[in-house]
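Inspection log for the structure reproduced underneath, given as structure tokens.
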Amino acid sequence: MPQNPSAPLSRETGRTALVLSGEVREALDERRPVVALESTIIAHGLPRPRNLQVARELEDLVRKAEAVPATVAVLDGRAHVGLRSDQLERVADDPGIRKLGHRDLAPALALGASGATTVSATAFLAARAGLGVFATGGLGGVHRGWTRTQDESADLRLLARTGITVVCAGVKSILDVPATLQRLETLGVGVLGYGTEHFPGFYLSSSGERVDWTVRTPEEVAAVMRARERLGGPPTALVVANPVPEDEQLDPVVHDRVLAGALDACRKRGITGQAVTPFLLEFLMRETGGASLEANLAAVRGNVRLAARIAVAAAAG
């Protein structure tokens, strides 16, 4: 175990200073498995105090698999990869914590801001720190009605130029899943279905869309990671799409009914741009009596467990 897991290290990567916790730094130096975790779910995705309980639970799941958790956040203008317990508490409890995508990182660092990192920001910082595996809930993607709004998550372009393996439950089901898969193909982002021939639907085990490649063990994922590294070429992410178990998914009938109502309410209220996703997710949580949130958490837990096993398999190779 690390001798001083709370001691941070300032590592200069290009012009960006990353602060690695001592635990993460030692694990990387010793080539032990590390899993990046986003912090947006802690600061903005769950009610207090449950958010802190879940944050600690997710880190514990990584440790139980004999890997090191690296929760990512920006605190007082410094990008942290790996948080101490008190820093995790701050992200969970401080109402002033902002939500930071990749494009927000430079202003946040320059202006001394604090924020929780989304998929794009977490993937970027984790890859810059040398981490190879990242676990999240669901990716962003192409929004419904894209032909009118041209609305697409920044996650996609960032993943198209960031060489990290992302374990997720597909993309959020409020999005246009077929269009998102097509966009990932266009951008050269590899997609593997884990134990499934169908792309997951975030709250649902299946979106109904097929995947081209299926893997069934962490070792197979690690083998794909190594093959990509040997091939070289431009760095792009590898998406491992891990479905939420059917007995923990949101009832598909309820999902479709409530989502249709959410989309209709969104149109009637004229909600557009970045406000769409939080509105739809909040609508689903409220109208399903919290069942959508529980399905989300079930997916996140499964993704974190799998990501840790993949990181262990990759380190063993």
Side-chain angles (χ1 to χ4, degrees), residues 4-25 28 34-60 62 68-131 134-140 153-155 158 162 164 166 273-275 277-278 281-282 296-297 300 304:
N4 185 13
S6 65
L9 168 73
S10 179
R11 173 176 291 181
E12 293 291 337
T13 310
R15 294 173 63 98
T16 303
L18 298 178
V19 183
L20 275 62
S21 70
E23 185 180 21
V24 170
R25 177 198 64 203
L28 290 175
V34 183
V35 176
L37 303 173
E38 67 163 279
S39 50
T40 295
I41 189 174
I42 305 169
H44 302 288
L46 294 168
R48 300 179 178 88
R50 192 179 184 190
N51 58 345
L52 181 59
Q53 296 168 356
V54 169
R56 288 177 169 155
E57 177 190 359
L58 297 180
E59 290 202 343
D60 286 344
V62 175
V68 172
T71 302
V72 178
V74 174
L75 297 174
D76 302 318
R78 305 189 77 188
H80 290 260
V81 178
L83 299 180
R84 300 189 309 265
S85 179
D86 62 304
Q87 292 172 327
L88 204 61
E89 290 177 8
R90 179 179 171 187
V91 172
D93 296 338
D94 185 353
I97 293 286
R98 300 182 61 146
K99 185 175 181 179
L100 304 178
H102 169 247
R103 70 170 188 171
D104 303 308
L105 290 175
L109 297 183
L111 301 176
S114 298
T117 52
T118 65
V119 168
S120 66
T122 305
F124 174 78
L125 292 173
R128 295 285 278 173
L131 277 63
F134 164 37
T136 186
L139 301 180
S153 171
D155 293 354
L158 191 283
T162 304
I164 194 166
V166 183
Q274 290 185 330
T277 295
L281 294 178
E282 173 63 28
N296 182 1
L297 288 175
V300 172
V304 169

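Values in this document were obtained by computation on a predicted structure and should not be read as measured data. Counting begins at 1 with the first residue of the sequence.
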Nearest-0.5 Å distance, CG of residue D93 to CG of residue L88: 9.5 Å
For a side-chain hydrogen bond (donor to acceptor under 3.5 Å, both in side chains) with E38, tell me which candidate from T136, T71, T122 qualifies. T136
Distance from I41 atom CD1 to T118 atom OG1, nearest 0.5 Å? 13.0 Å
Applying side chain to side chain contact (heavy atoms under 4.5 Å, CB included) to V91 and L75, what does each step give before you reach the verdict? CA-CA 9 Å; V91 172; L75 297 174; 4.2 Å; yes
Can you find a heavy atom in the side chain of P95 that is under 4.5 Å from one in the side chain of R48? yes
Give, for atom CG of L131 and atom CG of L37, the distance between the pair rounded to the nearest 0.5 Å. 9.5 Å
What pair of heavy atoms forms the shortest contact from S120 to L158, and how long is it? O-CD1, 3.4 Å
Quick check for you: to the nearest 0.5 Å, what is the distance between N51 atom CG and H44 atom NE2? 10.5 Å
Could you check whether any side-chain heavy atom of L18 comes within less than 4.5 Å of a side-chain heavy atom of L125, counting everything from C-beta outward? yes
Do S39 and T117 have side chains that get closer than 4.5 Å, going by heavy atoms? yes
Taking every non-hydrogen atom, the tightest pair across I42 and A55: CD1-CB, 3.5 Å
Are there over 12 heavy-atom neighbours, none belonging to R56, within less than 6.0 Å of that residue's CZ? yes
Point-to-point distance, once rounded to the nearest 0.5 Å, from CD of E23 to CZ of R25: 11.0 Å
Minimum heavy-atom distance between V68 and V62, given as atom pair plus value: C-CG1, 3.6 Å
Shortest non-hydrogen contact from D104 to P107? O-CD, 3.3 Å
Any side-chain heavy-atom pair of L46 and L297 under 4.5 Å: yes
Can you tell me how far the CG atom of D94 sits from the CD atom of E89, to the nearest 0.5 Å? 12.5 Å
Between V119 and T40, is the side chain to side chain contact (heavy atoms under 4.5 Å, CB included) condition met? List the steps. CA-CA 8 Å; V119 168; T40 295; over 6 Å; no
May I have the step-by-step check of side chain to side chain donor-acceptor pair (under 3.5 Å) for R128 and T162, ending in yes or no? CA-CA 9 Å; R128 295 285 278 173; T162 304; over 6 Å; no
Atom of F134, atom of A36 and distance for their closest heavy-atom approach: CD1-O, 3.3 Å
With sequence neighbours excluded, residues passing side chain to side chain donor-acceptor pair (under 3.5 Å) with Q87: none
Nearest atoms (heavy-atom pairs only) where A43 meets A116: CB-CB, 3.7 Å
